[in-house]
Amino acid sequence: MPAEHAPSFGRSNGSELRLDRLVKRFSRGEPAVQIDELRIRAGEFVTLVGPSGCGKTTTMRMIAGLEDPSEGEIYFGGKPVVDLSVQRRNVAMVFQNYALYPHMRVSENLEYGLKKRGVPRAEREVRVLAVARMLRIDGMLDRRPRQLSGGEQQRVALGRAIIRTPEVLLLDEPLSNLDAKLRTFMRAELVKLQRQVGCTTVFVTHDQLEAMTMSDRIAVMRSGRIQQFDTPQDIYNHPANLFVAGFIGSPPMNFIAGTAEGGGGGCTFRAQGLQLHVSDADCGGRLRPGDGRQVTLGIRPEHVGLDGGSGDLAAVVSVVELIGAEKYVFLESEAGELIARTNADARLQPGDRLFCRFQRGKIRMFDSTTERACVEPLA
Amino acid sequence: MDAGGGSTSVRGNRGAGRLARFWARRGNRTAVVGALLLLPVVAAFILVIAGPLARGVILGFYRVQQITMNTRFVGLGNFERVLGGTQFWNALWITLQYTVGGLVLQMVLGVGVALLLNQHFHGRALARSLAIFPYLLPIVVATTVWKWLLNPNYGIFNTMLTDVGLISQPIGWFSEPDLALGSVILVSTWRVFPFVVIAILGRLQNIPRQLYDAAATDGASAWSQFWDITLPQLRSVLIITVFLRFIWDFNDFNTIALLTGGGPAEATLTLPVLIYQLGFGQHQLGLAAAVADLTLILLSVLFVLYFWMTKPLGDQR
Amino acid sequence: MSRMRRRLIRTWALTVAAWLFVLAVSFPLIWMLASSFKSPTEITAVPPRLLPDALYLGNYEALFAGDFWRWFMNSIIVASGTVVIVIVLGTLGAYSLTRFSYPGQKATSTAILFTYLFPSVLMLVPLFLIIVELRIMNTYWALILADMTFAMPFSLWLLRSYFLSVPLQVEEAAMVDGASRFACFFQIVLPQVMPGIISTGIFAFILAWDDYLFASVFTTTAEMKTLPVGIARYANELNAEWGILMAASVSVTVPVLVLFAFLQRRLLPDLNAGAVKA
């Protein structure tokens with residue numbers, strides 16, 4: 001095995017990760033996790049995102065081997081690993097609270113995994129130094145974890161994970177213990193690092209912003225099931241159902257419940273105070289026929305235009321929040337409450353009466369009963 | 001091979017298959033390893049605790065020969081003798097007086113001192129260490145020192161009290177039947193009230209400062225802050241402290257054995273001392289075991305009562 | 001200004017009250033120490049004086065010339081033996097109870113708590129029979145066996161809370177790093193709970209050091225007595241000298257104090273974790 005003497009850090013040939021009919025039951029009743037298939041490409045950065053209790057951490061722990069699946073198989077580069085213990089899978093993991101070994105120095109923390117895998121001392125030292133330089137922790141190798149700041153601890157935890165150039169790198173909310181400023185910075189750092197190291201990465205978070213900014217692809221989870229697995233852009237633009245539409249994006253997408261009439265090429269959407277003809281082009285895809293169905297119209301805040309004269313829906317301004325570069329305008333209408341995003345110099349006062357105009361091409365339609373999108377995106 | 005044997009072997013195979021499948025799951029394997037680690041402890045528990053305890057319970061129904069240690073089943077005979085006589089009831093009454101009397105004093109003193117030591121004053125850290133000192137003392141030391149302090153001939157207490165004029169001549173604090181129990185309670189209180197202090201002080205320090213700030217902002221006086229914040233916050237630790245101290249005082253053998261040995265004239269003969277005297281003074285091991293059984297029943301009732309009382313408490317939290 | 005003044009008065013009033021109380025509580029101890037340095041004539045002097053005229057060492061000389069060291073060694077051997085056995089068993093048991101899951105685990109924990117509360121006196125008669133049957137009466141083994149009845153549940157319960165305070169994730173991180181269960185236990189968990197194991201050992205030592213009940217029943221000859229039994233028996237002798245008794249009391253207390261001084265920073269939280277947060 002050639003030792004890596006290169007000053008830049010060794011690259012992992014990350015492998016494809018596939019979950020096949022994976023089920024986890026903790027007790028009788030609904031399974032905590034039920035994933036029919038999830039195929040993550042070699043070297044890809046994939047985020048599992050969802051509210052707490054959605055099964056994302058359990059899924060990650062099953063990939064690591066810290067939890068046994070009740071059914072199904074996990075493949076690393078085509079080879080099944082469920083029967084391999086955690087020690088024998090070539091994975092590395094960064095824990096939410098870092099879980100550094102408190103009684104060991106930073107250097108010992110970094111090299112522990114190499115030691116356990118029988119890497120000779122000389123090579124360990126080279127690698128520790130290379131990783132430490134890369135993460136800019138080479139000045140604190142002799143310290144103990146409790147003498148480090150949160151950000152430094154986190155970099156040590158990262159270093160400990162990537163030093164072994166694992167096939168699969170698992171990150172369990174590693175940014176959630178950092179303060180807001182450092183978190184934004186580390187988002188970019190982490191992505192850069194992953195590109196450099198090249199290992200297949202699964203990142204777990206409940207923060208949709210982290211998911212959107214960091215991932216090649218996102219798997220949105222709810223109640224143990226994957227709701228949608230797609231690129232950040234496609235998830236944002238074409239959410240597969242109401243849950244994904246509401247979970248991704250901040251402030252969240254506006255929803256208006258109503259009925260649809262007509263079908264094929266377009267329909268008429270009716271709700272309290274609102275009547276709108278929606279064509280295929282208006283909703284960026286092909287509307288599935290659904291005459292007389294209960295549907296929910298979705299429109300993102302940045303696609304709600306405000307107009308003093310005329311528009312789709314009459315509304316009254318209730319609150320205006322200045323965020324800096326832009327304003328969030330909270331509106332009340334007969335169809336319910338809405339949020340619009342406008343630029344910062346829009347002159348608006350609570351109590352102003354105006355009209356909302358929904359940007360054509362950005363309207364989304366969901367079946368109110370199945371909650372699924374009733375628009376097929378154009379290929 | 002007959003049909004019956006065949007079916008047995010099939011069933012055996014199936015059982016082995018199930019076992020193999022059970023063993024094949026890594027989760028089950030680790031669980032078995034984990035349970036095996038507990039095995040030495042469980043074995044030791046059975047040898048030195050559960051075994052003897054069970055044996056003790058059974059022994060209450062036997063008569064034990066003094067020299068040969070041969071046992072003979074006597075049914076409820078021991079219990080009839082114990083419950084029929086006055087000694088057991090007398091000891092139970094003294095035990096209750098000792099326990100409740102001590103408990104009241106310990107709690108009042110302990111809570112008061114904890115509140116005092118929780119205030120800001122000069123030399124607080126040192127005062128805290130010194131105040132819990134009696135609890136750290138070996139019991140034989142505590143009792144010996146008090147026997148010396150209350151000694152009728154040269155004891156400093158008698159000298160001081162005669163000097164002040166409260167008593168006309170030295171008193172045998174542990175030898176007067178009317179005073180012995182009270183003296184014993186006093187010594188025991190001195191020794192164990194620091195336990196209450198430690199428990200309460202630990203809790204007091206954990207009450208969030210904001211609660212008091214909020215109450216002060218709401219206009220609560222120092223007194224109502226104590227009443228509305230401190231006491232409710234102390235509730236659970238008070239309950240558990242009372243429970244533990246009750247049990248430990250109820251079973252306290254050492255203090256009384258070392259101070260009075262149960263005397264004078266059975267004035268301080270509590271149940272634990274009675275068990276000891278029956279078993280090792282009069283060599284009536286069966287009778288001693290019967291008294292121990294009765295004590296065990298009383299304690300079990302207490303345990304059940306405690307858990308029944310604290311269940312709703314747990315739900316509130 | 002008057003507010004500050006009031007606060008100042010309050011602080012001083014509290015200081016005086018608290019220290020008066022502390023002095024009253026510690027008076028027996030002061031008296032013990034003072035008496036141990038008084039000569040036989042001074043100790044029976046009327047009226048007694050608080051401090052000895054001269055530092056009289058005769059009590060300690062007489063004490064150490066007698067059986068004291070014999071008893072001292074007996075106490076050390078019994079307490080250490082108990083601690084070693086109980087800590088080894090307790091560490092394995094606590095690791096098992098906190099790091100694995102299997103049926104009956106919760107019941108085991110509860111059972112330990114219960115035995116921790118059960119009175120030693122109830123065990124006296126059956127333990128006596130067992131010790132007679134094992135033919136270990138009047139040996140160290142008898143006392144170690146008997147002391148285990150209270151030291152083991154106590155240690156296991158305390159160790160369990162120490163193991164619980166070590167985050168599971170650190171161990172999982174080690175396993176992901178490739179450490180076996182065995183390596184995890186010795187390289188990751190044990191170093192972290194070592195302070196807890198040491199405290200538990202010291203507490204168990206003190207408990208065994210303090211035992212009077214078992215030692216008084218299960219030893220029959222003078223040379224097997226432990227310190228508490230030896231002192232208590234001497235105190236009941238008619239010609240017992242109070243000076244020597246006080247010197248003995250001081251000498252028994254000193255090892256306990258040294259151990260506690262060692263623990264002092266941890267003392268308050270530990271007593272709470274072990275005894276109260278049940």
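The sequence lines fix the lettering, A, B, ..., with proteins before strands; numbering per chain opens at 1.
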Note to self: Looking at B:R124, I'd like to know if its CZ atom is crowded, meaning that more than 12 non-hydrogen atoms belonging to other residues, nucleotides or ligands lie closer than 6.0 Å.
What the structure shows: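 Yes, the 6.0 Å shell around CZ holds more than 12 heavy atoms from other groups.
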At a heavy-atom separation under 4.5 Å, does [X] approach chain B through its side chain, its backbone, both, or neither?
X	answer
C:S120	neither
C:L257	side chain
C:F150	neither
C:L156	side chain

For chain B, which of [options] has the most heavy-atom pairs under 4.5 Å?
options	value
C:S26, C:A18, C:S216	C:A18
C:L245, C:L97, C:I231, C:V217	C:V217
C:M148, C:M32, C:M152, C:R181	C:M152
C:G90, C:A235, C:S35	C:S35
C:L29, C:V88, C:N236, C:L145	C:L29
C:V16, C:I112, C:L129	C:L129

Check: side chain to side chain donor-acceptor pair (under 3.5 Å) between B:D249 and B:Q106: does it pass, once the steps are laid out?
Finding: CA-CA 11 Å; B:D249 289 344; B:Q106 290 160 29; 2.9 Å; yes
Next item on the list: For C:R99 and C:E172, run salt bridge (charged side-chain N to carboxylate O under 4.0 Å, His left out): C-alpha distance rounded to whole Å, both residues' side-chain angles, the deciding distance at 0.1 Å, then the answer.
Entry: CA-CA 11 Å; C:R99 292 303 146 110; C:E172 291 182 341; over 6 Å; no
Quick check for you: among [options], which has the greatest number of heavy-atom pairs under 4.5 Å with chain C?
options	result
B:L47, B:L137, B:L271	B:L137
B:T159, B:L38, B:L37, B:T144	B:L38
B:L130, B:D252, B:I139	B:I139

Notebook entry, point to check: If every non-hydrogen atom of B:P138 is compared with every non-hydrogen atom of C:V256, which pair is closest and at what distance?
Noted result: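 What the structure gives for the nearest pair is CG-CG2, 4.0 Å.
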Check: Taking all non-hydrogen atoms of both residues, which atom of C:F218 and which atom of C:M137 are closest, and how far apart?
Finding: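 Minimum heavy-atom contact is CA-CE, 3.8 Å.
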Can you say whether [X] sits under 4.5 Å from chain C via the side chain, the backbone, both, or neither, judging by heavy atoms?
X	result
B:I247	side chain
B:I275	side chain
B:L299	side chain
B:L109	side chain

Check: [X] ring centroid to [Y] ring centroid under 6.0 Å:
X	Y	result
C:W12	B:H122	yes
B:W248	B:F243	no
B:Y135	B:F193	no

Margin query: Return the CD1 to CG distance between B:I240 and B:L238, rounded to the nearest 0.5 Å.
Written below: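 These two atoms lie 11.0 Å from each other.
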